[in-house]
Amino acid sequence: MRAMPSLLDRRLIVVIGKGGVGKSTVAAGLALAGARKGKRVLVAEVNARERVSVLLERRPVGHEIGQLEANIDAVNVEPRAAMREYALMILKFRSIYNAVFENRMVRYFLRAVPSLAQLVMLGKILYHVNETLPDGRPRWDLVVLDAPATGHGLLLLRLPQVLATSMPSGPMADEAHKMHQTLIDPRRTAVALVSLPEAMPVNEAIELNRQLRDVVGTPPAALFLNGYVRPRFSPEERERLRGAPGPLADAAQAVLSRELRAELSERYANKLAVDTELPPILLPFLFTRRFGRAEIEQISQIVESA
Ligand SMILES: Nc1ncnc2c1ncn2[C@@H]1O[C@H](COP(=O)(O)OP(=O)(O)OP(=O)(O)O)[C@@H](O)[C@H]1O
Ligand SMILES: [Mg+2]
């Protein structure tokens with residue numbers, strides 16, 4: 001059996017986890033790491049608010065693909081723009097598109113059937129994963145999908161399979177089937193879980209891992225434990241801090257709180273390793289006034305060496 005390509009050598013990385021755990025941070029870090037390796041990267045967000053360009057301190061790109069910087073393009077995928085673009089890519093003929101997709105019924109459907117909107121957004125992204133240039137090379141070497149939080153993200157990944165099996169056979173079912181094949185192909189696609197060393201995000205990551213394995217058929221390839229805090233003091237030193245006298249007591253308490261965070265970080269890393277069978281990649285909590293490009297650079301270095 002051939003060895004599985006490393007994370008950055010896949011064609012698609014789907015970053016998924018509970019809300020606020022650092023998905024966009026990891027997605028931006030992966031993009032930088034990929035670009036440093038000379039890959040042409042496309043970062044796709046499917047959120048209402050564009051985050052990756054902000055984290056990388058670049059101008060927003062919006063709903064059309066635009067360049068963030070050398071080797072990194074980005075797009076904030078939105079249903080209607082995706083529908084238009086996807087339909088044009090598939091149908092090729094603008095006149096048909098205009099007749100079919102600019103009409104009020106379709107707009108109505110996109111709003112009324114959220115799964116259709118989701119399918120179109122995912123379809124556009126997977127199209128780019130497999131898109132080639134006239135000379136046969138892939139247009140992008142790596143697509144990073146900053147997926148919606150837990151439940152919505154899972155739904156997005158399940159959708160092609162659900163639709164492929166529930167729709168009557170025909171072009172739509174074929175399309176959904178092809179999308180599912182791309183998602184479950186470990187040579188092309190990797191799912192990366194993100195968690196924080198806290199109870200709820202960890203439980204969600206464990207549950208997500210189970211569902212991705214058992215229901216979607218995409219066992220995660222990597223697990224990032226973000227916001228990791230390492231201990232600074234030995235148990236003996238901590239004991240002495242506990243007895244700090246008078247004016248130092250508050251400062252000692254602050255240090256001890258941080259040490260507790262470190263203890264929890266380690267405990268949750270162990271729990272995740274046992275329950276998901278993935279060795280967590282530890283991303284440190286970065287104490288900074290403004291979380292931006294410099295921090296993403298740091299994260300990307302760790303991502304790259306992991
Ligand atoms: N390693 C870290 N150290 C310190 N702060 C961090 C770290 N990672 C993320 N943050 C902070 O948490 C914020 C949220 O991170 P991010 O936007 O990546 O989360 P998310 O999972 O994408 O959130 P959402 O679910 O809303 O999309 C960041 O803007 C940053 O301020
Ligand atoms: Mg985000």
Side-chain angles (χ1 to χ4, degrees), residues 13-34 41-58 60-63 68 72 74-78 118 121-122 125 143-157 191-209 212 220 222-232 257-258 260-262 264-266 268-269 272 280-306:
I13 305 176
V14 181
V15 183
I16 190 169
K18 184 173 160 50
V21 295
K23 295 180 297 298
S24 300
T25 298
V26 168
L30 286 165
L32 280 188
V41 183
L42 173 68
V43 188
E45 296 185 73
V46 284
N47 313 303
R49 270 186 44 213
E50 193 176 313
R51 283 289 299 154
V52 172
S53 56
V54 178
L55 288 167
L56 292 176
E57 299 180 16
R58 300 289 176 186
V61 284
H63 301 316
L68 276 190
I72 304 181
V75 61
N76 186 14
V77 184
E78 178 264 346
Q118 300 273 303
M121 293 201 287
L122 185 62
I125 293 162
V143 176
V144 180
L145 168 56
D146 182 3
T150 309
H152 289 104
L154 206 53
L155 217 60
L156 189 69
L157 297 182
V191 175
L193 286 175
V194 186
S195 184
L196 288 176
E198 293 169 18
M200 289 296 288
V202 165
N203 288 338
E204 279 198 24
I206 291 167
E207 178 58 17
L208 254 174
N209 173 64
L212 287 164
L223 165 64
F224 293 98
L225 183 52
N226 188 30
Y228 196 88
V229 177
R230 287 180 198 281
R232 288 254 177 83
S257 301
R258 193 190 171 284
L260 180 64
R261 185 104 197 258
L264 289 174
S265 290
E266 196 189 354
Y268 283 124
L272 281 168
I281 298 165
L282 308 179
L283 306 177
F285 186 91
L286 300 171
F287 291 88
T288 153
R289 218 175 274 282
R290 224 185 99 267
F291 196 85
R293 172 125 200 151
E295 286 67 36
I296 301 295
E297 296 269 3
Q298 276 191 59
I299 300 278
S300 83
Q301 297 286 351
I302 300 168
V303 166
E304 191 177 347
S305 57

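We use all heavy atoms of the structure for the numbers below, so side chains are in, but hydrogens, waters and symmetry mates are not. Both counts, for ligands and for their atoms, begin at 1 and track the order of listing.
Val194 is not listed as a side-chain neighbour of Leu225, based on a closest heavy-atom distance of 4.5 Å or more. Put simply, the side chain of Leu145 does not reach to within 4.5 Å of the side chain of Ile13, judged on heavy atoms. You'll find the side chain of Gln118 reaches within 4.5 Å of the side chain of Met121, heavy atoms only. Inter-residue side-chain proximity for Thr25 and Phe291 is flagged as met; some heavy-atom pair is nearer than 4.5 Å. Side-chain contact between Val15 and Leu30 is present, with at least one heavy-atom pair separated by less than 4.5 Å.
Comparing Ile302, Thr25, Val229 against atom 18 (O) of ligand 1, the shortest heavy-atom distance belongs to Thr25. Around atom 29 (O) of ligand 1, the closest heavy atom drawn from Arg290, Glu295, Glu45, Arg51 belongs to Arg51.
Checking atom 13 (C) of ligand 1 against the protein gives no heavy-atom contact under 4.0 Å.
Within the 4.0 Å heavy-atom criterion, the part of Pro284 lying near ligand 1 is the backbone and not the side chain. When heavy-atom distances to ligand 1 are checked against a 4.0 Å cut-off, Asn226 comes that close only through its side chain, counted from C-beta outward. If you look at Phe291 next to ligand 1, the close heavy atoms, those under 4.0 Å, all belong to the side chain. Contacts between Ser24 and ligand 1 below 4.0 angstrom, taking non-hydrogen atoms only, involve backbone and side chain alike.
Note that CG of Asp146 and CD1 of Ile125 are 10.0 Å apart. Values are rounded to the nearest 0.5 Å.
Given atom 20 (P) of ligand 1, the protein heavy atom at minimum distance is Lys23 N, 3.4 Å. The protein non-hydrogen atom at the shortest distance from atom 19 (O) of ligand 1 is Gly22 N, 3.1 Å. The nearest heavy-atom contact from the protein to atom 4 (C) of ligand 1 is Leu286 O, 3.4 Å.
Distances from ligand 1 to the non-hydrogen atoms of Leu283 include no value under 4.0 Å. Using 4.0 Å as the threshold, Gly20 has a heavy atom nearer than that to some atom of ligand 1. Heavy atoms of Gly17 stay at 4.0 angstrom or farther from ligand 1.
One side chain, Ser53 or Glu50, offers a donor N or O that lies under 3.5 Å from an acceptor on the other.
Listing protein N, O or S atoms at distances below 2.8 Å from the Mg ion (ligand 2), with waters left out, gives Ser24 OG.
Near Gly19, meaning under 4.0 Å from one of its heavy atoms, ligand 1 places the atoms 25 (O).
Of the possible polar contacts, none joining the Glu45 side chain to the Val75 backbone as a donor-acceptor pair under 3.5 Å is found. In this structure, Arg51 contributes its side chain and Ala28 its backbone to no donor-acceptor pair below 3.5 Å.
Distances between N or O atoms of Phe285 and those of ligand 1 include no value under 3.5 Å.
The nearest pair of heavy atoms linking Lys23 to Ile16 is CD-C, 3.9 Å. Closest approach of Pro280 and Ala269 over heavy atoms only: CG-O, 3.5 Å. Between Pro284 and Ile302, the shortest heavy-atom contact is CD-CD1, 3.3 Å.
Glu57 and Arg290 are joined by a salt bridge, as a carboxylate oxygen and a charged side-chain nitrogen come within less than 4.0 angstrom of each other.
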